[in-house]
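Notes for the one structure printed next.
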Amino acid sequence: MNRQTYWTYQLAGWSVFAAIGLVINVINGGYLPSLIVGHVLLVFYGIGLTHLFRHLILGGQARLTSRIRKALVRSACILVIGALLTALVIATDVAVGRNHAFAWSWGSIAGLSWGMCIAAATWSALYVQIVEGRRRQEHDARSQLALREAEL
């Protein structure tokens, strides 16, 4: 995946996720100016955190040989990203909006956390699929080249 495609997917994916969240919050009667600012910032928060996660997938996880360890590291990262996104959304709402921190019920915090973890897990699954597909294509191309050279 080239850089432009990666950034286009990042921007499009997080924008769609934020737009869905914005619609849900508007339907539930949220304070519109705060929601708009919060969801625009969510796009940037999501892009930033998953970009850091990408570096872990490409760099640090390459050294892990066990699929179970890779899955555990990815799961831990997904939970951390979900928690960070939840905290950033709440902090933005409190800072920009008319809500106070105590206005967030435990149920709404849990729902928000769940949504953020699902978004991070979806991002992770899609990214890993794309990267693994590209690696398989590169491996197949190298194998074909080696076979041709051996035939010559």
(request) Measure the OG1-CD1 distance between Thr5 and Ile130 for me, rounded to the nearest 0.5 Å. (result) 9.5 Å
(request) Using the rule that two of Ile, Leu, Val, Met, Phe, Trp, Tyr join whenever any of their side-chain heavy atoms come within less than 4.5 Å, decide whether Ile20 and Val40 are in one cluster. (result) no
(request) Give the minimum heavy-atom separation between Tyr45 and Leu85, together with the two atoms involved. (result) CB-CD2, 3.6 Å
(request) Would you name the heavy atoms of His51 and Gln10 that are closest together and state the gap between them? (result) N-NE2, 3.8 Å
(request) Write down the atom of Gly21, the atom of His39, and the distance for their closest heavy-atom approach. (result) C-NE2, 3.3 Å
(message) Can you give me the closest heavy-atom contact between Ile47 and Leu11, atom names plus distance?
(response) CD1-CA, 3.9 Å
(message) Pair Ser105, Ser108 - check side chain to side chain donor-acceptor pair (under 3.5 Å), show working.
(response) CA-CA 5 Å; Ser105 70; Ser108 59; 3.1 Å; yes
(request) Return yes if a side-chain donor-acceptor contact under 3.5 Å exists between Tyr127 and Thr50, otherwise no. (result) no
(message) Nearest 0.5 Å, please: how far is OG in Ser15 from CG in Leu22?
(response) 11.5 Å
(request) State whether the number of non-hydrogen atoms from other residues, nucleotides or ligands found under 6.0 Å of Leu147 atom CG is greater than 12. (result) yes
(request) Measure the CG-CD1 distance between Leu88 and Ile81 for me, rounded to the nearest 0.5 Å. (result) 11.5 Å
(request) Mind listing the closest non-hydrogen atom pair of Thr92 and Gly38 along with its distance? (result) CG2-CA, 3.7 Å
(message) In the structure I gave you, are the side-chain heavy atoms of Met116 and Leu42 within less than 4.5 Å of one another anywhere?
(response) yes
(message) I'd like to know if Ile24 and Val16 are part of one continuous hydrophobic network [Ile/Leu/Val/Met/Phe/Trp/Tyr, side-chain heavy atoms within less than 4.5 Å].
(response) yes
(request) Compare every heavy atom of Cys117 with every heavy atom of Gly82, then report the nearest pair and how far apart it is. (result) CA-SG, 3.8 Å
(message) Side-chain heavy atoms nearer than 4.5 Å, only ILVMFWY residues, links allowed to pass through others: does that put Val26 and Ile36 together?
(response) yes
(message) Quick check for you: to the nearest 0.5 Å, what is the distance between Ile78 atom CD1 and Thr122 atom OG1?
(response) 8.5 Å
(request) Examine distances only and state if a side-chain atom of Ser113 and a backbone atom of Ile109 form a donor-acceptor pair shorter than 3.5 Å. (result) yes
(message) Rounded at 0.5 Å granularity, tell me how far CZ in Arg69 sits from CG in Leu72.
(response) 9.5 Å
(request) Using the rule that two of Ile, Leu, Val, Met, Phe, Trp, Tyr join whenever any of their side-chain heavy atoms come within less than 4.5 Å, decide whether Val94 and Trp106 are in one cluster. (result) yes
(message) Consider ring-ring contact (aromatic ring centres under 6.0 Å, His included). Of Tyr9, Phe53, Phe17, which one does Trp123 pass it with?
(response) Phe53
(message) Between Val37 and Trp14, is there shared hydrophobic-cluster membership here, with clusters defined by ILVMFWY side-chain heavy atoms closer than 4.5 Å?
(response) yes
(message) Would you say that more than 12 heavy atoms from the other residues, nucleotides or ligands in this model lie under 6.0 Å from the CD of Gln129, or not?
(response) no
